[in-house]
Asks: 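The structure is given below, and queries will be raised subsequently.
Keep in mind that the numbers below use all heavy atoms, side chains included, and drop hydrogens, waters and symmetry copies. Proteins come first, then strands; the chains are lettered A, B, ... in the order of their sequence lines, and each starts at number 1. Everything quoted here is computed from the prediction, not taken from an experiment.
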Amino acid sequence: MDWQLFPYFAITALVAWVASAFTAWKGWRRCTFALSIGGMAVFMAFIIGMWMSLERPPLRTMGETRLWYAFFLPLVGTIIYGRWKYKWILSFSTMMACVFTLINLLEPEIHDKTLMPALQSPWFAPHVIVYMFAYAMFGAVTIMALFLLFKRKSADMPVGLCRCDNLVRTGLSFLTIGMLFGAFWANQAWGAFWTWDPKETWAAITWLSYYLYIHMRKQNTKPELMLAVLILSFVFLQVCWWGINYLPSARGMSVHTYR
Amino acid sequence: MKKHAGLLVGILLIVLGLVLQAITGPLDWQSAGKYAIAIAVPVIIVIPFLTGCSGLVTGWLGSTRSATASIAWTLAVTVVMGLIRQDGAAADYGMTSSFPGFRNMLSNWSFILIYLWLLLSISFAVCRVCFPMTVKKIPFLLNHAGLFLALTAGVISAAWSCSYRMTMAKGEKLSQAVSRLGNMETLPLSIELKDLDVSFFSEADAGTGTAAVPKQFVSTVAVKLVSDGPGREFQVRVNHPARVGRWHIYQYGYDDIAETSTLLVISDRWRPVVGFGLLLMLAGAISLFVQTSRRKEN
């Protein structure tokens, strides 16, 4: 599989996802699922093709992780739509998948077969894939939080926060699993589960921040404050994902820094 | 007053930490800190069972309010750590004495006190919630006990483990290595580098004109424990450490001309306990997911 073929796969998948978002608003559930899954199958076919031709998981560069994020957003959207029937979620996931696919189309990277020895581990693929899935989940909950904070009436708040809870708890499960996979991998590679490398510090910050939300929900905290914590948590997540490449405190300090 | 207790406790601990920092300097994990943590952890575990969780202070420590406040403060001090460039490994073990010590957060008193509060809060919460135990409480127990175990054993492991860096040329045999603090020490084992094999990606794989990218570097070593009989031969490569008795040997690096290899030699008796704590957390995360998928929206 060549990167030159990406536009064909990407446009086919995006068209299917846009159509699935439209049918979700119309309430044509079967059609929605078929289109969404069809789009994902096309997108995944490209990822698998890249994996085979590169002879390594396409998870090394920022562009490659964007590829997975663009795949997981519609997957998360479809699961949430299936489980909790939120009509808006597929419009959001499609919009986000479009943004990430567009970045990859406009900024194509050099994809070579090299994979540094530390990344040659069975933990590599599950660690990053599970993380990307969690990131997609938190992307969805952030949009929901912004929507509740600025658009919704206060009467809708309890149900809205319940929806946020479900998304946060699911995202946090995956974030924890991804973080633990990373710890087991680090133990095998460097002889320590955790070394407070800047990337790890920001992973801990993100993790603590979402747990703060879960604990705040058990108290009589103001909804606006809880929603603000959700939005701030997503900012922390961005710092952890790509922000540390630019953070003065982390520059040249992290073994996780990649572009 | 009760509503703001978390805020006040946090401020108090930060101020107390700064005072301790000014008086004693950063906590030295290789001497005083090592013994302090060995005493503090059993105390934190036992104290809720001795005092119970119904008193004014103990009840609050096991409450969601204390949990939320301790997480918020832990988050705040960790953000400080993330935003301020941290000094190197030696500094982590209390070798620098700057005030307020934010460039060395792992040895900073305020940071340590806030994390101790988090641990105490988890300990009291487990005591409060999990007795009597029911099936429904299992995810709570797994998440909290797992985190507690991983954090406490992790700190003990960091303070009590031995980690050395050994750089050796092909054919060289060494029993001395550089410790975390940069001191040359003699180990109860000797390592001989029999061979170092470095392979690179081909130009076709890496792209023309790019620098050579290493595919794998493998050290063939003969390791002999002082207390043991004949030595044993191992191949050590990245992600594939070797184990001899209580020592683990990791491939850490090599020089540009592939003549010398750098190995990490680590002895850490607490690592299995940290691993067990992380496994509990893994089970907790899975159970959180299962529990969430069964939740009804109301």
Asks: So, for B/Thr292 and A/Asn166, which heavy atoms are closest and what is the spacing to 0.1 Å?
Replies: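 Minimum heavy-atom separation between B/Thr292 and A/Asn166: CG2-O, 3.5 Å.
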
Asks: Side chain, backbone, both or neither: which part of A/Trp194 has a non-hydrogen atom closer than 4.5 Å to chain B?
Replies: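 For A/Trp194, no heavy atom lies under 4.5 Å from chain B.
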
Asks: At their closest point, which heavy atom of A/Trp196 faces which heavy atom of B/Tyr115, and how far apart are they?
Replies: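 Heavy atoms of A/Trp196 and B/Tyr115 come nearest at CH2-OH, 3.5 Å.
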
Asks: Among A/Asn187, A/Val229, A/Leu172, A/Leu247, which residue has the highest count of heavy-atom pairs closer than 4.5 Å to chain B?
Replies: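 Most pairs with chain B among the choices: A/Asn187.
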
Asks: Please look at B/Ile266 and chain A and tell me whether the side chain, the backbone, both or neither of the residue comes under 4.5 angstrom of a heavy atom of that chain.
Replies: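 Looking at B/Ile266, just its side chain touches chain A.
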
Asks: Measure A/Ile205 against the heavy atoms of chain B and call it side chain, backbone, both or neither at under 4.5 Å.
Replies: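 Contact with chain B involves both backbone and side-chain atoms of A/Ile205.
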
Asks: Quick check: are there more than 12 heavy atoms from other residues, nucleotides or ligands sitting under 6.0 Å from CZ of B/Arg246?
Replies: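 Check passes, neighbour count above 12.
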
Asks: Give me the atom names and distance for the closest heavy-atom approach of B/Pro214 to A/Pro117.
Replies: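 That closest heavy-atom pairing would be O-CD, 3.4 Å.
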
Asks: Is any side-chain heavy atom of A/Phe184 closer than 4.5 Å to a side-chain heavy atom of B/Leu279?
Replies: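 In short, these two side chains touch, coming nearer than 4.5 Å.
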
Asks: Hey, what do you get for CG (B/Asn239) to CZ (A/Phe124), rounding to the nearest 0.5 Å?
Replies: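 These two atoms lie 11.0 Å from each other.
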
Asks: Against chain B, work out which of A/Lys218, A/Gln219, A/Glu55 has the most heavy-atom pairs shorter than 4.5 Å and name it.
Replies: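 When all of A/Lys218, A/Gln219, A/Glu55 are compared, A/Gln219 has the most.
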
Asks: Measuring from atom NE2 of A/His215 to atom OG of B/Ser66, what distance do you get when rounded to the nearest 0.5 angstrom?
Replies: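 Going from NE2 on A/His215 over to OG on B/Ser66, the span is 10.0 Å.
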
Asks: At a 4.5 Å cut-off on heavy atoms, which part of A/Leu180 comes close to chain B: side chain, backbone, both, or neither?
Replies: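 Side chain of A/Leu180 only, per the 4.5 Å heavy-atom cut-off to chain B.
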
Asks: In terms of heavy-atom contacts, does CH2 of A/Trp3 have more than 12 from other residues, nucleotides or ligands at under 6.0 Å?
Replies: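 For A/Trp3, atom CH2 is crowded (more than 12 foreign heavy atoms under 6.0 Å).
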
Asks: What pair of heavy atoms forms the shortest contact from B/Gly82 to A/Ser249, and how long is it?
Replies: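 Heavy-atom minimum between the residues: O-OG, 2.6 Å.
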
Asks: Look up atom OG1 in B/Thr68 and atom OH in A/Tyr213, then write down how far apart they are to the nearest 0.5 Å.
Replies: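 If I round to the nearest 0.5 Å, the distance is 13.0 Å.
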
Asks: Taking side chain as everything from C-beta outward and backbone as N, CA, C, O, which of these in A/Gln120 sits under 4.5 Å from a heavy atom of chain B? Side chain, backbone, both or neither.
Replies: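 Backbone plus side chain of A/Gln120, per the 4.5 Å heavy-atom cut-off to chain B.
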
Asks: Among B/Ser157, B/Ala76, B/Gly154, B/Gly275, which has the most heavy-atom pairs under 4.5 Å with chain A?
Replies: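 With the most close heavy-atom pairs to chain A, the winner is B/Gly275.
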
Asks: Please flag which part of B/Asp268 lies under 4.5 Å from any non-hydrogen atom of chain A: side chain, backbone, both or neither.
Replies: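 Neither; nothing under 4.5 Å.
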
Asks: For B/Tyr252, does the OH atom sit with more than 12 other heavy atoms under 6.0 Å from it, leaving out its own atoms?
Replies: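 Counting neighbours around OH of B/Tyr252, 12 or fewer heavy atoms of other residues, nucleotides or ligands fall under 6.0 Å, so no.
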
Asks: I need the A/Ile214 CD1 to B/Ile71 CD1 distance, nearest 0.5 Å.
Replies: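 The distance works out to 9.0 Å.
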
Asks: Side chain, backbone, both or neither: which part of A/Ala118 has a heavy atom under 4.5 Å from chain B?
Replies: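 Its backbone and side chain both get close to chain B.
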
Asks: Of all of A/Asp165, A/Leu115, A/Thr176, which one pairs up most often with chain B through heavy atoms under 4.5 Å apart?
Replies: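 Most heavy-atom pairs within the cutoff with chain B belong to A/Leu115.
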
Asks: Identify which part of B/Tyr250 has an atom lying under 4.5 Å from any heavy atom of chain A, answering side chain, backbone, both or neither.
Replies: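 Contact with chain A is through the side chain of B/Tyr250 alone.
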
Asks: Measuring from B/Gln86:CD to A/Thr201:OG1, what's the distance to the nearest 0.5 Å?
Replies: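 It is 7.0 Å, given to the nearest 0.5 Å.
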
Asks: To the nearest 0.5 Å, how far apart are CE in A/Met116 and NZ in B/Lys215?
Replies: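 Rounded to the nearest 0.5 Å, the CE-NZ separation comes to 15.5 Å.
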
Asks: Among A/Thr221, A/Val239, A/Thr170, which residue forms the greatest number of heavy-atom pairs with chain B at distances under 4.5 Å?
Replies: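 The answer is A/Thr170.
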
Asks: Using non-hydrogen atoms and a 4.5 Å limit, figure out which bit of B/Leu278 sits close to chain A: side chain, backbone, both or neither.
Replies: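 Its backbone and side chain both get close to chain A.
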
Asks: Taking every non-hydrogen pair under 4.5 Å, which of B/Arg237, B/Met81, B/His240, B/His248 racks up the most with chain A?
Replies: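 The option with the most such pairs is B/Met81.
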
Asks: Locate the shortest heavy-atom distance separating B/Leu75 from A/Leu212; write the atom from each residue and the value.
Replies: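 It is CD2-CD2, 4.0 Å.
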
Asks: Heavy-atom distances under 4.5 Å only: say whether A/Trp123 touches chain B with side chain, backbone, both or neither.
Replies: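 No part of it gets close to chain B.
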
Asks: Where does A/Tyr211 contact chain B at under 4.5 Å (heavy atoms): side chain, backbone, both or neither?
Replies: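 Both backbone and side chain of A/Tyr211 come within 4.5 Å of chain B.
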
Asks: For B/Arg128, enumerate each residue passing the salt bridge (Lys or Arg N to Asp or Glu O under 4.0 Å) test, keeping only those at least two apart in sequence or located in another chain.
Replies: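 With sequence neighbours excluded, B/Arg128 shows a salt bridge (Lys or Arg N to Asp or Glu O under 4.0 Å) to no residue whatsoever.
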
Asks: Would you check if the side chain of B/Arg85 reaches a backbone N or O of A/Pro248 as a donor-acceptor pair within less than 3.5 Å?
Replies: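 A pair under 3.5 Å: yes.
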
Asks: So, using salt bridge (Lys or Arg N to Asp or Glu O under 4.0 Å) as the criterion, who are the partners of B/Arg165 when residues are at least two apart?
Replies: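 Here no residue qualifies.
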
Asks: Between A/Arg169, A/Gln188, A/Met216, which shows the greatest number of heavy-atom pairs under 4.5 Å with chain B?
Replies: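 Winner by heavy-atom pair count: A/Arg169.
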
